[in-house]
Amino acid sequence: MLRSSTSSTASCILQVERVLGGESSIWTQAGILYGASGELTGVYQIFQPVTLPQLKNFSPIIRAFVDKFPLPVVLVLKRKIAAINMDYAQLMGYDDPEKMIGMPIELFLDDSDKEHFLQLNANNHENILSGGTYSWKFRVKGEIRHLEGHPSVFRWGAENALISTVIDITDKMRKEKALENERERLEQENARLLERIARRDEIFFGEGPAMKKVMSLAVQMGKTDTNLVILGETGTGKSLLARMIHDVSPRREQPFIMVNCAAVPESLFESEFFGYVKGAFTGAQTNKQGFLGAAHRGTLFLDEVAELSPAMQAKLLHAIESKKFTPVGGSRPQDGDVRLICATNRNLMRMVEDGTLREDFFYRIFVVDISIPPLRERREDIPRLIEFFLNKFSPMDTAPHISDRLMKRMQDYDWPGNVRELQNIILRYLATGEVLFIFPPRNGTAVSDRDGGAAVPDETLAQTLARTERECILRALKRCGGNKIRAAELLGVNLRTFHRRCASLGLVRHLPMPRSRGKSEE
């Protein structure tokens, strides 16, 4: 205190272990002595026992200690203010500390904190922990202020005294509250974005933590303009995820251009990516916009990006970094501001080590990576995916039902083709009533296992007849493109009978029967 004092003096109250004249506290003041020329000549220190009457009468000794304290400070006896400094008074909305002397200390507390405050300070502050930190809400001129107190309780004669410094943390609390509100807003916005995506396509949604993590990261990356790479096996839905990221990004109103890099010949790379002007080469009858021009201000999605040759990587890298490109045969650079999303099922780091992927190109595209887990690692999501595809592709108003036995077979299967293979199997099931699992080749021969067409063991005759009738109706509707009139004709029944049989099997809503003018069509 003496080192930091601007007046070259410092004072404080000390609690001593030995009783001095019936008192256990003393007031001490120390100061630095200077000579006539400002040179240091010595120091002094004064000690004086402090009695309780002196404290109650707000003696000059106590006033000197409290007034010079560098923080807002209050001295409390029997829950009433005995001494405060100007900083504390101003914190409570007063310009004169004398006006607050004798006021109950809880007078300025907000009602929500009073009960807890009184419990802690009951019986001479017996529940207050000296050296602890307590946060309170004070009401100052109608405004809530958040204050942090650091009290000390000590024995003074027959009484307990409490002295506490106070720090105003209102601004800190407001910032924390603003951050909490912003966090909640972002969480709600993320939930809305995920719900919006779910309404359009449920391929990436499920109960497992793997896909929840993927979608959370995808929404987070959608809010940035960072280049990223989507990693995953064939058929996991990399292009669909790229589109979703674009749809929740600030560029969502701008184009989303998807390029299959494996399908672009190296000889046509520049004309395909940068476009060309009329007359640039034989056959260039008009100007053509390239991928970069088409994706300007939007997103350029490069699928199978690992198939680009190093020469193509260098040309594309320069265009992306400069956000400029020149069409083939042109002389004026054009703008190409794109957000780059790439996808591959290959190990890009190993390609850098092998020299087939340029290191500078790798670091440009590989800022953030999102890995989509294969379907065999998210088996808990398979029932929901099956339900989604059945509802999406079924020609009926009500999707067909998958038996528990067949559902278990699908969950046990390893799905080498991932979601794309699952979609194809459901399409085949809707068309033929059969499920065909294609396993990886063994010794050059594909092994298959058919399910769904044969009668199920332990079925009753009624169940077998109902299942067979159901499959016949589904196949007829598939052949007729969902046209119920043509399907009924194909099956050789009138339309009213067809509607009734569909309703009884749970395939369609029970539609109103057309009125017959003559005899019953049945």
Side-chain angles (χ1 to χ4, degrees), residues 221 225-243 245-246 255-277 279-284 287-372 417-418 420:
M221 288 299 101
D225 212 32
T226 305
N227 294 337
L228 58 91
V229 172
I230 301 174
L231 304 174
E233 296 179 3
T234 299
T236 51
K238 297 186 289 295
S239 60
L240 290 174
L241 185 61
R243 180 73 201 212
I245 293 173
H246 169 79
F256 175 83
I257 304 299
M258 183 168 64
V259 181
N260 184 353
C261 296
V264 180
E266 188 167 0
S267 59
L268 300 179
F269 173 82
E270 289 189 73
S271 62
E272 291 295 318
F273 274 85
F274 306 144
Y276 55 79
V277 299
F281 49 81
T282 303
N287 295 340
K288 179 185 177 182
Q289 189 178 48
F291 298 136
L292 279 172
H296 180 50
R297 295 194 179 94
T299 300
L300 180 63
F301 173 57
L302 301 181
D303 198 10
E304 305 297 343
V305 68
E307 303 305 318
L308 291 175
S309 70
M312 296 165 71
Q313 296 167 23
K315 294 175 183 178
L316 185 58
L317 176 64
H318 176 73
I320 293 171
E321 288 185 335
S322 64
K323 297 185 179 181
K324 297 281 185 180
F325 66 93
T326 303
V328 176
S331 57
R332 298 177 58 183
Q334 297 183 8
D335 293 330
D337 176 18
V338 299
R339 194 264 181 94
L340 197 62
I341 300 179
C342 301
T344 183
N345 60 357
R346 298 176 62 181
N347 189 324
L348 296 182
M349 293 184 181
R350 184 170 299 171
M351 292 181 65
V352 172
E353 296 174 356
D354 296 341
T356 53
L357 186 72
R358 291 173 60 98
E359 187 174 357
D360 50 1
F361 184 70
F362 169 80
Y363 286 116
R364 170 57 63 179
I365 66 174
F366 205 94
V367 179
V368 176
D369 65 290
I370 301 178
S371 296
I372 304 178
N418 292 292
R420 184 181 295 123

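Everything numeric in this text was worked out from a predicted model, so none of it was measured.
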For Val305 and Cys261, the nearest pair of non-hydrogen atoms, with its separation, is CA-SG, 4.0 Å
*Find out whether Leu302 and Phe291 are in side-chain contact, i.e. whether some heavy atom of one side chain is under 4.5 Å from a heavy atom of the other.*
no
In this structure, CG of Asp303 is separated from OG of Ser239 (nearest 0.5 Å) by 6.0 Å
CD (Glu304) and OG1 (Thr344) are apart, to the nearest 0.5 Å, by 6.0 Å
- prompt: Would a distance-only check, ignoring hydrogens and angles, find a side-chain to backbone donor-acceptor pair under 3.5 Å from Gln313 to Thr356?
  reply: yes
Original post:
If we only count heavy atoms from C-beta on, is the Arg339 to Leu300 side-chain gap below 4.5 Å?
Top reply: no
>> Using 30° and 60° as the class boundaries, would you call the ring planes of Phe325 and Phe274 parallel, tilted or perpendicular?
In response: parallel
Neighbour count >12 (heavy atoms, 6.0 Å) for atom CD, Glu359
no
Checking Thr299, Leu240, Ile370 against Ile245 for side-chain contact (heavy atoms from CB on, under 4.5 Å), the one that qualifies is Ile370
field: Side-chain touch Val259/Phe273, heavy atoms, less than 4.5 angstrom
entry: yes
I'd like to know if the side chain of Lys238 reaches the main chain of Gly232, judged simply by a donor and an acceptor atom lying under 3.5 Å from each other, with no hydrogens or angles considered.
yes
task = Taking the side chain as every heavy atom from C-beta outward, state whether Phe366 and Met349 have any pair of such atoms under 4.5 Å apart.
result = yes
For Arg420, the salt bridge (charged side-chain N to carboxylate O under 4.0 Å, His left out) test, sequence neighbours excluded, returns none
The residue among Leu348, Val352, Leu317 that forms side-chain contact (heavy atoms from CB on, under 4.5 Å) with Phe361 is Leu317
* Heavy-atom count around Met258 CE within 6.0 Å, excluding the residue itself: above 12? -> no
Which of Leu231, Thr226, Ile230 passes side-chain contact (heavy atoms from CB on, under 4.5 Å) with Leu228? It is Ile230
* **Lys/Arg-Asp/Glu bridge criterion (N-O < 4.0 Å) met for Glu272, Lys288** => yes
Here the pair of heavy atoms bringing Glu266 nearest to Ser309 is OE2-OG, 3.0 Å
